[in-house]
Every structure is written in C-alpha cells, then in structure tokens.
J.: 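Got a structure for you, questions after.
The sequence lines fix the lettering, A, B, ..., with proteins before strands; numbering per chain opens at 1. Bear in mind the structure is a predicted one, so any value in this text is a computation, not a measurement.
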2 protein chains.
Amino acid sequence: MRTMTWNQHIVKKNNKALVLQLIMEKDPISRADIAQVSGLHKATVSSLVNELLEEELIFESGPGESSGGRRPVILHFNKAAGYAVGIDIGVNYVLCVLTDLKGNILIEKNQLVNRTPYPTILGIVQNMVQSLIDEMPSSRYGIVGIGVGVPGIVNKEGCVLLAPNLGWTNIQLKMDLENLFQVPVIIENEANAGAFGEQQFGAGQDYQNIIYISAGIGIGVGIILNKELYQGKNGFSGEMGHMIIDINGKPCSCGSRGCWEAYASENALLEMANTDSLESMIALAEDRNQTSHKLLGEIGTYLGYGINNIINTFNPDQVIIGNRLALAKQWIEEPIRTTIQNHTLAHHQKEMRIDFSKLGKYSTALGVSAFVVERFIKEEVKTS
Amino acid sequence: MRTMTWNQHIVKKNNKALVLQLIMEKDPISRADIAQVSGLHKATVSSLVNELLEEELIFESGPGESSGGRRPVILHFNKAAGYAVGIDIGVNYVLCVLTDLKGNILIEKNQLVNRTPYPTILGIVQNMVQSLIDEMPSSRYGIVGIGVGVPGIVNKEGCVLLAPNLGWTNIQLKMDLENLFQVPVIIENEANAGAFGEQQFGAGQDYQNIIYISAGIGIGVGIILNKELYQGKNGFSGEMGHMIIDINGKPCSCGSRGCWEAYASENALLEMANTDSLESMIALAEDRNQTSHKLLGEIGTYLGYGINNIINTFNPDQVIIGNRLALAKQWIEEPIRTTIQNHTLAHHQKEMRIDFSKLGKYSTALGVSAFVVERFIKEEVKTS
DNA sequence: TTAGTTTGTCTATCGTATAAACTAAGTTTA
DNA sequence: TAAACTTAGTTTATACGATAGACAAACTAA
C-alpha cells in the first residue's frame with residue numbers, strides 16, 4: 001500500500017491546474033485577476049502562466065482596458081491546442097463529433113444503421129474517426145483522445161460487458177480503438193456521459209449534484225455528485241431503469257418485474273400506443289390527437305414516479321431529463337411536475353430544479369468528449 | 001470567490017493527518033514503518049511524529065521486536081486524549097454513550113421514554129450528558145464534542161426540520177446543545193450516523209461504497225460513497241423509505257402511495273401481524289409459529305425489492321441492514337437474498353455483499369461519536 | 001508636468017520535503 | 001567475542017515552490 005503523499009510538486013501541479021481552470025472558465029482574464037480571484041500571489045501566478053504559455057495551453061492577446069493604471073495583458077484558453085473525438089453509439093445510429101478543448105463542435109458525422117453487430121459498428125466508427133482526423137486542422141497536440149458513449153454496462157477497464165439493445169456482450173471496445181488509433185480512449189455508459197455533458201456545457205452548469213435521466217428506448221441514469229461522476233464499485237451505477245416501481249407489475253426484459261423502464265421509456269410508450277415512432281406520436285399530439293396526448297401524459301406521470309424516488313434518495317440540486325423523450329417536453333413536463341408535487345417529500349422539493357436537456361442529441365457525444373479533454377488537461381498539467 | 005489555493009502549510013497539514021491516520025489504523029507501528037507505508041521520507045515522518053507527541057495525540061511505548069537491527073520505538077494512538085459523546089434519540093428511548101477517540105464505549109446511559117415533546121427530551125439529554133461529564137476520566141482535551149442522531153430530516157446547520165415520529169418541527173438542536181455545553185455539536189440523521197458507525201467500527205470497515213439501511217419503525221438510508229458520507233444538497237439524502245415500490249399501493253403517512261416503508265418497516269410488520277412488538281413476533285417465530293415465520297419472510301421479501309433498487313442504482317460494495325429489523329436476521333435474510341437473486345441485474349450482484357449490522361443498537365450513537373472525533377482530529381491537526 | 005495607480009517581473013526569504021551523513025542499538029558471522 | 005552488517009531514528013545541508021516586497025512599465029488624473 002502506498003498512500004497519497006504530499007509534497008511541493010503536488011502543490012505546484014494543483015496550483016497550475018487551478019490557474020488553467022480559471023483561465024478556461026473566465027476566458028478573457030489577466031494575471032492580476034487570476035491572483036485576486038485565486039488568492040495566489042501575483043508572482044506565483046506569473047510564473048505558472050508563463051509555463052502554460054510555453055505549453056501553448058493558453059495564449060496572450062493585446063492589452064485590455066485599464067482600470068486606472070497599467071493596462072493588463074489579456075490571457076485566453078487555447079481551445080485549439082488539440083481536438084477530441086466524441087462518439088455516441090445508439091441503437092440505430094452512430095454520431096461522431098470533433099470538438100475543440102472547450103467542447104465546441106467543429107465537424108459532425110451522423111450515420112444511421114439498421115443492424116448492430118460489433119464488427120459492423122467498429123468498422124463504421126473507424127471510418128468516421130479516420131475522416132474526422134483527415135479533416136482536422138493542424139494543432140500542437142492533435143487528437144488528444146477518443147470518447148465513446150454506449151447504451152450498456154461498461155466496466156472501469158473500458159469493456160462493454162452487456163449492451164442488450166445492441167446485442168453486445170464482453171466487447172473490448174477500449175482496447176480495439178486504442179490499437180486502431182494509438183490515442184487514449186474512454187468508454188462510458190451513455191447516461192453517465194450525457195450527465196457529464198449537460199453538467200459541463202448544458203443545463204447543469206450551475207449545479208453540484210445532478211441526476212441526469214436518459215429516457216430513450218430504455219432508461220439509464222447518470223449521477224453527478226459534487227461535480228464529479230459517481231460510477232460505483234465497478235462502474236455500473238445508475239441502472240435505475242431497473243428500479244422496481246410496481247412490485248406486482250409487468251415483466252421486464254431483464255428478468256425482473258415492474259421495472260421503471262417498462263413503464264416510462266420510449267419502448268413502453270410505443271408499446272402502449274401500438275405505433276413505431278415517437279416522432280409520429282408527437283406529431284399526432286400537435287394535431288390535438290387526444291389519445292396521443294393522453295399517452296404522453298401517462299409516460300410523464302410514470303417518469304414522475306421514478307423521479308420522486310431519485311429526489312428522495314439523492315436530494316439533488318437538479319434533475320435533468322434527456323435523450324429521446326425530452327423531445328416530448330411539451331407533453332410530459334406538466335404531468336412530471338404534478339406527480340412530484342403530489343408525492344415527493346416537501347423539504348426535498350424546495351430549491352430543487354427539474355430541467356430538460358439543453359444539448360439534445362449531443363449530450364452523450366459532448367460528454368465523452370469532455371471526459372477525454374479532462375483527462376488530457378490533467379495529464380498535461382501533471383507532466384511538466 | 002476565493003478558490004482553494006495550495007501552499008506548503010497545506011502539504012504539512014495533510015502529511016500530518018496522513019501520519020496520524022496511519023497510527024490510528026495500524027496502532028502498534030514504528031516511525032520506520034510509517035515512512036515505508038506512506039512513502040514519506042523518514043526525516044519527515046520523524047518531525048511530524050514529534051509534533052503529534054507534543055500534542056499528546058500519540059504516545060510512545062518501549063522498543064519493539066528487532067528485525068535484524070536497532071529495535072524500533074513503538075507508537076500508539078492516544079485514544080484517551082479526549083472523549084466524545086454520542087447520543088441516539090429514538091422514538092421510545094434515549095441512548096447516550098461516552099467513547100474514547102477510537103470509538104470504544106466507556107460509559108453508557110439508556111433511558112426509556114414514552115412521550116417525546118422536545119423540552120422533555122432536551123432535559124433528559126442534558127442530564128445524561130452532564131452525568132457522563134461528571135464520571136469522565138480527566139484527559140488532555142476533555143469532551144471534544146457531542147453528536148446526536150435523530151430519526152428525521154436534519155439540515156446542514158444542525159436544525160431538525162422534521163421528525164414525524166418524535167413530533168418535532170424546526171428544532172434548533174445544535175444551537176441549544178452548544179449553548180448548554182460550550183462544545184462543538186453535530187446533528188445527523190439517524191441512518192446517516194448508523195452508516196458511518198458501521199463503516200468506521202462495524203460491518204463496513206473494508207468497503208468504500210456502502211448503503212446502510214436503517215430498518216426500524218420507518219426506513220432511512222445512509223449513503224457512504226468513497227468512504228465519505230453523501231448528504232445531498234441540503235443534507236436530506238437517503239429518504240428511501242419514501243421510494244415508491246408500488247405505484248398503485250397503499251397510502252403512506254407522507255402523503256404519497258406505495259412507499260417502501262409502508263411495506264418493509266417494523267411498523268408495516270406490526271400492522272400486518274396485528275401485534276405490538278417485534279420481539280414477540282420473533283419469539284413466536286422461534287416457537288415455530290407459522291404465521292410469524294411467514295410474515296417475517298414477507299418483510300424480508302419487501303426489503304429485498306428496495307435493496308434491488310439500491311443495488312441497481314448505486315452499484316455499491318456492500319449493503320448493510322441495521323436497526324430494529326436486523327434483530328430478525330434469522331428470518332429475513334433468506335428471503336432478502338432470494339429476492340435479490342431473482343430481480344437484480346446479474347453484473348451488479350457479483351462481489352456485492354449483503355451484511356447485517358455488527359454494532360446493533362449502537363450503530364447510530366457510535367456513528368455520531370465518530371463524526372465528532374473526525375471533526376476534532378481534523379481541527380487539531382490543522383491548528384498547530 | 002507630477003503624483004498616484006495598476007500590472008507584471010525580479011530578488012530575497014521562508015517553510016517544507018528530501019537526501020545524505022551520522023548516531024544508536026541491535027543481529028549475524030567468522 | 002569482535003567485526004561486519006542491519007535497521008531505527010536524528011541531524012544537517014539542499015532543493016523547490018510560494019510569498020513578500022522592491023521595482024519597472026505603462027497607464028490615469030489633476
């Protein structure tokens with residue numbers, strides 16, 4: 001056992017990370033501002049900033065506005081120092097984005113697929129990533145990594161243990177992609193990635209404890225506590241789609257009964273409606289079709305039951321509803337809120353926000369891209 | 001805004017805390033061992049140890065066994081440097097313990113109460129604590145604090161917002177006790193405290209992510225993630241007793257329907273059995289009374305449903321069942337395990353432990369006492 | 001002009017961890 | 001039994017990073 005030990009190197013590393021983080025967050029910022037806001041001495045800031053300049057993680061632009069004395073030198077985060085690839089593998093699509101270090105999408109590739117055996121998907125991914133790399137502008141660090149979001153159970157070693165809707169078991173996705181592209185690869189569950197995406201760039205930027213509900217064909221949940229993703233012992237946390245909300249309820253494909261996702265997922269909706277597309281349901285509802293309206297409302301209510309459980313469990317700052325069912329916001333928001341009001345403990349409702357995804361279909365891809373960038377920054381600041 | 005900044009003082013503080021923690025954990029330990037296991041240089045260890053000796057947080061005993069050279073000086077944690085008071089306020093009792101800094105109980109006071117208006121309870125607590133203080137051995141730091149576990153919703157400012165089974169609302173318990181005894185006071189939800197108690201001294205000592213189920217008159221849950229208590233935004237986390245497990249189920253006192261504690265708590269059991277004591281139910285079961293046996297089994301099954309939800313949500317290392325229903329371990333363990341096996345996702349079951357409380361009725365009192373000690377140690381190491 | 005202010009750098013100093021020499025006290029070996 | 005080796009712990013010198021404060025640069029205000 002070798003416990004965490006503390007020395008000056010750690011101090012420097014952390015201060016450097018702090019300075020960089022401040023520059024990233026408040027982009028046009030001067031050395032003096034950093035010193036004031038961080039509490040570090042201006043000499044310390046100066047030396048750390050100079051190192052970051054040499055590493056091209058930041059750059060200077062001309063002098064800024066004077067506030068009664070010498071004009072400050074304005075610093076910027078060099079979001080183009082490298083690029084990250086974020087991939088969202090869905091049941092009938094693969095979405096692939098190239099982002100800069102701030103999560104802006106530069107290039108986007110989207111491909112529909114009808115069958116999902118692993119070799120097929122791996123081939124598609126390989127082609128998409130290769131074409132992103134070919135089109136990518138040149139930069140100091142190039143591709144800093146590849147992130148992939150998968151609708152299934154992923155362990156901490158980047159192996160997809162089970163993705164029922166893709167028909168995958170024990171897929172060594174991380175290993176395969178690292179062999180193909182020789183860059184760090186991060187594999188995450190799609191809901192975990194979506195949670196991180198919304199927390200970094202979307203609806204959850206101002207909050208500490210966020211539960212993100214990925215309500216699609218199934219339901220998965222991403223748990224952000226104290227701004228960090230909680231993964232559980234093996235990385236399997238958030239399988240709340242298989243939370244029992246009806247002990248005598250209908251059987252679920254997982255072998256249990258009364259699971260939340262058997263009532264509140266897109267699949268459940270389509271089954272109830274006996275139709276085959278969420279979009280057509282929404283179109284019908286917009287045409288004032290009473291049945292569609294009612295069914296969407298029921299889905300909202302069922303979602304509300306599960307969210308009640310989430311709120312009473314986690315006492316979060318915010319619950320974010322994302323993925324496909326967020327498209328039906330107009331029809332499900334009201335029943336969700338009503339259900340919460342009627343069931344959830346009063347103290348837990350105070351100051352608690354329920355929001356819908358802001359990133360839409362990009363939540364997952366941007367989330368994994370952000371994981372990649374985070375790892376890169378941590379590694380870069382450390383080794384110098 | 002003043003962000004966390006890093007300097008040498010922090011380094012020293014953390015290293016000192018690390019050294020102290022190692023001494024606490026591996027009690028008979030030498031300076032050389034600490035250096036090896038921590039990775040710190042032996043000179044550093046030596047100087048930190050000397051400071052801790054001056055503060056009387058540790059002490060030396062004679063030389064230990066030689067391992068081929070000079071004999072090491074054995075260091076011990078001075079568990080008698082001060083004492084903590086842990087109080088568990090239940091619906092019909094107040095339990096009050098005096099512990100040393102390692103959580104050993106020196107004195108214990110137990111008092112049954114039949115009604116629980118706040119002034120009455122406060123008076124009882126005051127008397128009990130005062131007599132503990134009177135009987136307490138003298139020590140360098142004396143009483144380092146008082147911790148109280150309460151069956152209700154406690155905010156982070158130590159105010160009991162709601163304790164339905166005690167009939168309390170908005171009780172300024174922390175303030176009142178600090179005024180009475182002039183020492184730091186920590187108020188916590190009973191389940192949170194129990195979780196911490198079991199993690200520190202009981203069934204959960206070897207695990208990182210633990211969910212402790214306090215199954216008593218109601219059900220509360222304490223959440224330990226990465227060895228730390230998770231409290232949520234306001235401190236209200238873990239109200240999983242009011243997780244809906246049956247959407248069309250029976251009404252609960254909270255105003256909702258189908259709450260877990262309406263099915264799996266002691267209250268639920270007594271209602272089903274139409275009797276008034278868990279102990280008599282258990283006695284009957286031991287006399288091979290079929291009805292009692294069956295009812296206890298049903299409670300086990302219902303507990304299992306909720307634990308299923310917990311495991312799928314948190315992917316914990318361990319679930320600990322504590323409080324009153326743990327007394328019925330013999331009758332409920334089997335149905336719990338069967339329910340999990342039949343419902344919970346297979347990957348989540350692997351390496352997952354389900355255990356029963358080891359501290360019994362002391363979980364909560366020892367938990368709050370441990371909170372107090374933790375705060376004291378952190379404070380002591382910092383200021384020097 | 002001149003004085004004051006703000007930004008940023010440079011130099012000296014301080015605090016902490018570390019390396020290495022050293023002392024202390026044992027064990028092993030010839 | 002003495003010499004060589006081992007291990008424990010301390011002392012002294014050094015390295016490294018943050019900080020304080022002096023300083024220079026570049027601006028504003030009067």
Side-chain angles (χ1 to χ4, degrees), chain A residues 2-19 22-23 26 28-54 58-75 381-382 384, chain B residues 2-19 22-23 26 28-54 58-76 381-384:
Chain A
R2 180 143 298 227
T3 344
M4 186 64 178
T5 149
W6 302 76
N7 54 34
Q8 295 108 307
H9 300 291
I10 308 258
V11 170
K12 179 168 181 188
K13 201 183 87 182
N14 281 284
N15 281 336
K16 196 163 160 185
L18 174 61
V19 168
L22 281 174
I23 299 174
K26 331 223 162 188
I29 191 172
S30 68
R31 290 170 174 78
D33 290 339
I34 295 172
Q36 221 201 343
V37 77
S38 70
L40 291 168
H41 195 269
K42 48 189 184 155
T44 310
V45 171
S46 220
S47 102
L48 293 174
V49 160
N50 286 336
E51 285 187 22
L52 290 170
L53 281 169
E54 274 181 23
I58 61 174
F59 64 90
E60 298 182 332
S61 67
E65 285 292 289
S66 162
S67 60
R70 172 175 166 180
R71 293 162 69 186
V73 177
I74 300 299
L75 301 170
V381 172
K382 193 169 71 190
S384 76
Chain B
R2 177 142 302 224
T3 343
M4 186 63 178
T5 154
W6 301 77
N7 54 34
Q8 295 106 307
H9 296 95
I10 308 256
V11 170
K12 180 169 180 187
K13 201 183 88 181
N14 282 284
N15 281 335
K16 197 164 161 184
L18 175 60
V19 168
L22 281 174
I23 298 174
K26 331 224 162 187
I29 191 173
S30 67
R31 289 170 175 80
D33 290 339
I34 295 173
Q36 222 203 342
V37 77
S38 70
L40 291 169
H41 196 270
K42 49 185 185 160
T44 311
V45 171
S46 220
S47 103
L48 293 174
V49 160
N50 286 336
E51 285 187 24
L52 290 170
L53 281 169
E54 272 182 25
I58 62 175
F59 63 92
E60 297 181 333
S61 67
E65 285 292 290
S66 162
S67 59
R70 171 174 167 180
R71 293 163 69 187
V73 176
I74 301 299
L75 301 170
H76 301 273
V381 172
K382 193 171 72 190
T383 59
S384 76

J.: Taking for each residue the nucleotide of DNA chain D bearing the nearest heavy atom, is the 5' side occupied by A:Thr44 or by B:Arg31?
T.: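 Mapping each residue to its closest nucleotide by heavy atoms, the 5'-most match is B:Arg31.
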J.: How long is the line joining CD1 of B:Ile34 and C1' of D:dT7, in whole Å?
T.: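 Distance check: B:Ile34 CD1 to D:dT7 C1' gives 16 Å.
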J.: Any side-chain heavy-atom pair from B:Leu22 and B:Val19 closer than 4.5 angstrom?
T.: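 They are not in contact (no side-chain heavy atoms under 4.5 Å apart), so the answer is no.
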J.: Which whole-number value in Å describes the distance from A:Lys16 NZ to D:dA18 P?
T.: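 Atom NZ in A:Lys16 sits about 11 Å away from atom P in D:dA18.
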J.: Please report the distance, rounded to the nearest Å, between CG in B:Asp33 and C1' in D:dT7.
T.: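 Taking CG of B:Asp33 and C1' of D:dT7, I get 11 Å after rounding.
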J.: Going by salt bridge (Lys or Arg N to Asp or Glu O under 4.0 Å), name the pairs with one or both residues in residues 28-50 of chain B, residues two or more places apart or in two chains.
T.: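 Those involving residues 28-50 of chain B are B:Arg31-B:Glu60.
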J.: Are there any protein N/O atoms within less than 3.5 Å of an N/O atom in nucleotides 23-26 of chain D, and if so, which ones and at what distance?
T.:
unit_1 : atom_1 : unit_2  : atom_2 : d
D:dA26 : N3     : A:Arg70 : N      : 3.4

J.: Touch check for A:Val45, heavy atoms < 4.0 angstrom, all strands: base, sugar-phosphate only, or nothing?
T.: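 No contact.
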J.: Tell me: CG of A:Leu75 to C1' of C:dG8, nearest whole Å?
T.: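 Rounded to whole Å, this separation is 11 Å.
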J.: Any side-chain N or O of A:Asn15 under 4.0 Å from OP1/OP2 of D:dA18?
T.: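 For A:Asn15, the contact criterion (side-chain N or O under 4.0 Å from OP1 or OP2 of D:dA18) is met.
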J.: Within the structure shown, what part of the strands sits under 4.0 Å from A:Ser47 by heavy-atom distance: base, sugar-phosphate, or nothing?
T.: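 It contacts nothing in the nucleic acid.
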J.: Is there a side-chain contact between B:Leu48 and B:Lys12 in this structure, where contact means two heavy atoms from C-beta onward sitting under 4.5 Å apart?
T.: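 They are in side-chain contact.
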J.: Using whole Å, report how far CD1 of A:Ile10 lies from P of C:dG15.
T.: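 Result: 22 Å.
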J.: Mind checking the OG-CD spacing from B:Ser30 to B:Gln36? Nearest 0.5 Å is all I need.
T.: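 These two atoms lie 9.0 Å from each other.
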J.: Quick one: does B:His41 reach the base of C:dA17 with a side-chain donor-acceptor pair under 3.5 Å?
T.: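 In this structure, the two groups form no donor-acceptor pair.
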J.: Between atom CD in B:Glu51 and atom C1' in C:dA17, what is the gap in whole Å?
T.: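 Atom CD in B:Glu51 sits about 13 Å away from atom C1' in C:dA17.
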J.: Without decimals, in angstroms, what is the distance between B:Asn50 CG and C:dT16 P?
T.: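 Rounding to the nearest Å, CG of B:Asn50 and P of C:dT16 are 15 Å apart.
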J.: Output yes when at least one side-chain N/O atom of B:His9 is less than 4.0 Å from OP1 or OP2 of C:dG15, else no.
T.: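 Negative; the distance criterion is not met.
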J.: Could you check how far CD of B:Glu65 sits from P of C:dA25, rounded to whole Å?
T.: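 It is 18 Å, rounded to the nearest whole Å.
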J.: Once you apply the 3.5 Å cut-off to both distances, tell me the Watson-Crick or G-U wobble partner of D:dA30, or none.
T.: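 D:dA30 is paired with C:dT1.
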J.: Check whether any side-chain heavy atom of B:Leu52 lies under 4.5 Å from a side-chain heavy atom of B:Leu75, and answer yes or no.
T.: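 Heavy-atom side-chain distance check fails, nothing below 4.5 Å.
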J.: Are the side chains of A:Val49 and A:Ile58 in touch, meaning some heavy atoms are under 4.5 Å apart?
T.: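 They are in contact (side-chain heavy atoms under 4.5 Å apart), so the answer is yes.
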J.: Assign A:Ala32 to base, sugar-phosphate, or nothing according to its heavy-atom contacts below 4.0 angstrom with the strands shown.
T.: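 Answer is sugar-phosphate: A:Ala32 comes under 4.0 Å of backbone atoms only.
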J.: Give the minimum heavy-atom separation between B:Ser66 and B:Arg71, together with the two atoms involved.
T.: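 Heavy-atom minimum between the residues: CB-CG, 3.5 Å.
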J.: What's the closest nucleotide to the side chain of A:Ala43 if the choices are D:dA18, C:dG8, D:dT19?
T.: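 The answer is D:dT19.
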J.: Should B:Ser66 be listed as having a side-chain N or O under 4.0 Å from OP1 or OP2 of D:dT7?
T.: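 False: B:Ser66 side-chain N/O out of range (4.0 Å or more) of D:dT7 OP1/OP2.
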J.: Can you see if the side chain of B:Ser67 gets near the phosphate of D:dT7 - specifically, an N or O under 4.0 Å from OP1 or OP2?
T.: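 No, because none of the side-chain N or O atoms of B:Ser67 sits under 4.0 Å from OP1 or OP2 of D:dT7.
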J.: Taking the side chain as every heavy atom from C-beta outward, state whether B:Asn14 and B:Leu18 have any pair of such atoms under 4.5 Å apart.
T.: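 Side-chain contact under 4.5 Å: no.
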